[in-house]
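A short worksheet on the structure shown next.
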Amino acid sequence: MSQSPKSYRPATKLVQGGVQRTHHGETAEALFLTSGYVYDSADQAEATFNGTVDHYQYSRFANPTLSMFEQRLCLIEGAEECRTTATGMAAVNAALLSHLKAGDRVVASRALFGSCHWIVSTLLPKFGITSVFVDGHDLAQWKAALSEPTNLVLLETPSNPMLDIVDLPAVAEMAHAAGAIVVVDNVFATPLLQQPLKMGADVVVYSCTKHIDGQGRVLGGAILSNRKWVNDVLQPFIRNTGPAMSAFNAWVLLKGIETLALRVNAGCRAAADIADFLAEQKGVTRVWYPMRDDHPQAALARKQMSAGGTVVTFEVAGGKDGAFKVMNAFGLIAVSNNLGDSKSLATHPATTTHMRIGADERAKLGITEGVIRISIGLEDPEDLKDDLAQALATLG
Ligand SMILES: *Cc1c(COP(=O)(O)O)cnc(C)c1O
C-alpha cells in the first residue's frame with residue numbers, strides 16, 4: 001500500500017502535497033485562471049447549490065488551484081482545513097471579524113505587526129469589541145488579562161522586530177479557561193520551525209507574502225484551523241465578503257512553497273551565524289536572535305521552535321544617526337520594509353514599520369532608535385558579513 005500524504009516528511013509534503021492532476025497529466029500544478037464554472041445541467045447546478053453534489057461554483061468561494069495550495073498548507077501545518085486570502089492582513093482580519101461580535105473581548109500581545117495592532121486597537125473597538133494589550137513575554141500580564149471572560153487571543157511569536165517569544169502552551173491554557181480561542185500569527189517561525197496548533201492554538205494565520213513565496217513576488221494570506229470552525233465560522237465570512245486570493249498568486253505560491261525548507265533552513269543557518277558575528281563587532285551594542293544564549297527567552301525558544309528563524313535584530317551605537325549611517329553604507333543588503341525574501345533586507349523599525357505606533361509604544365517594545373532588523377536572504381553568508389563589517393566600520 002502506498003503512503004498517506006499525511007505521513008510524508010515536510011520536504012515531501014512541500015513538493016507533492018495537494019497535487020490534483022487533470023486528465024492531461026501535467027507535471028506542474030495547473031493554473032485555473034477562471035472566475036466561474038459550468039454545470040452539465042440545471043439539475044447539477046441545483047444539486048451543487050443545495051450541497052448534494054461537490055462541484056466548484058465561483059472562485060470567490062473556491063478554485064482548484066487554491067484548493068491545491070490550501071491542501072498543501074494543511075499537510076505542512078497538520079491542520080484539518082485552510083482558506084487562503086489575497087493578503088496576510090485579509091487573513092488576520094477574516095479570522096478576527098468572522099469570530100467576534102459586539103460586546104466581545106480580545107486580549108493581544110503588544111508586539112504585533114503594525115496592521116494587526118491597528119485592527120485590535122482601532123478597528124475592533126469601533127464595533128463595540130474591547131481590546132486589551134499585554135507584554136507577550138510576561139505570563140503574569142496574560143494571567144491578569146485572562147482572569148475575565150474573553151473571546152479571542154491574538155499573538156505573534158517570535159515578534160517583529162524584537163523577536164520576543166510567547167509561551168504558547170501556557171497562554172493557550174489560560175485563554176481556553178477564559179473561553180477564548182487562540183489565534184497565532186506564525187509568519188516569523190514559518191510552519192517548518194513551529195506548529196502552534198500542536199501547542200494549544202486554535203487558528204494559525206500567515207502572510208504568504210513572506211517566506212512561503214520567499215522570492216518577493218506576490219501577496220497572499222492563509223488561515224488554518226479545525227474543520228468545524230472553518231466551515232461554520234470562517235467560510236461564510238470569506239464566501240460573502242470576498243477576500244479571495246487570485247488563482248495566479250496561488251499558483252506562484254504553490255511553486256514558491258516547494259523550496260520553503262531549502263530556503264528557510266539555509267536562512268536560519270546564515271542568520272544564526274550572522275547573529276554571532278554581529279555580537280563580536282565594534283559599534284554593535286546588542287543582538288537579538290531567538291536561539292542565542294543571551295536571548296532572554298532562549299530556553300523557551302528552543303522548546304517551541306526547531307530553529308531561530310531568518311531574522312536578526314541588532315542595535316548600533318549612535319541612535320538613529322548611527323543606524324542610518326550603517327544602513328546607507330550597505331552595498332549588498334538592501335533597505336526595505338519587507339522580509340522573508342531571497343534577497344537580504346534591512347529595516348529601521350523606528351522610522352518605518354513602527355513609526356505610526358509612536359514613541360511610547362516603541363519604548364514599551366524595546367525598539368530604540370539604533371535598532372536595525374535584517375531579514376537574511378540566500379546570498380553567501382560570508383558576503384553578507386563582509387557587507388555588515390564594512391558598513392559598521394563607517395561608525396568609526
Ligand atoms: C507581513 C506580515 C503581515 C501582513 O501580511 P501582508 O501579506 O503584508 O498583508 C502580518 N503579520 C506579520 C507578522 C507579517 O510579517
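Order of appearance sets the numbers: ligands from 1, and atoms from 1 within every ligand. The figures here come from the full heavy-atom set of this structure, side chains too, leaving out hydrogens, waters and symmetry mates.
For H348, the ring pair (Phe, Tyr, Trp, His ring centres under 6.0 Å) partners are F324, not counting sequence neighbours. Taking the ring pair (Phe, Tyr, Trp, His ring centres under 6.0 Å) definition, one finds that H55 meets it with Y39, sequence neighbours left out.
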Give me the pairs of N or O atoms, one from ligand 1 and one from the protein, that sit under 3.5 Å apart.
{"unit_1": "ligand 1", "atom_1": "5 (O)", "unit_2": "S207", "atom_2": "OG", "d": "3.0"}
{"unit_1": "ligand 1", "atom_1": "7 (O)", "unit_2": "G88", "atom_2": "N", "d": "2.9"}
{"unit_1": "ligand 1", "atom_1": "7 (O)", "unit_2": "S207", "atom_2": "OG", "d": "2.8"}
{"unit_1": "ligand 1", "atom_1": "7 (O)", "unit_2": "T209", "atom_2": "OG1", "d": "2.6"}
{"unit_1": "ligand 1", "atom_1": "9 (O)", "unit_2": "G88", "atom_2": "N", "d": "3.1"}
{"unit_1": "ligand 1", "atom_1": "9 (O)", "unit_2": "M89", "atom_2": "N", "d": "2.9"}
{"unit_1": "ligand 1", "atom_1": "11 (N)", "unit_2": "D185", "atom_2": "OD2", "d": "2.6"}
{"unit_1": "ligand 1", "atom_1": "15 (O)", "unit_2": "K210", "atom_2": "NZ", "d": "2.7"}

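The existence of a salt bridge linking E379 and K385 is excluded, since no basic side-chain nitrogen approaches an acidic carboxylate oxygen closer than 4.0 Å. Using a cut-off of 4.0 Å between Lys/Arg side-chain N and Asp/Glu carboxylate O, R72 and E70 are scored as not salt-bridged.
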Can you give me every donor-acceptor pair (side chain of residues 6-14, partner residue at least two apart or in another chain, under 3.5 Å) with its distance?
{"unit_1": "S7", "atom_1": "OG", "unit_2": "S4", "atom_2": "O", "d": "2.8"}
{"unit_1": "K13", "atom_1": "NZ", "unit_2": "K6", "atom_2": "O", "d": "3.3"}
{"unit_1": "K13", "atom_1": "NZ", "unit_2": "L75", "atom_2": "O", "d": "3.1"}

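The NE2 atom of H211 lies 5.5 Å from the OG atom of S375; values are rounded to the nearest 0.5 Å.
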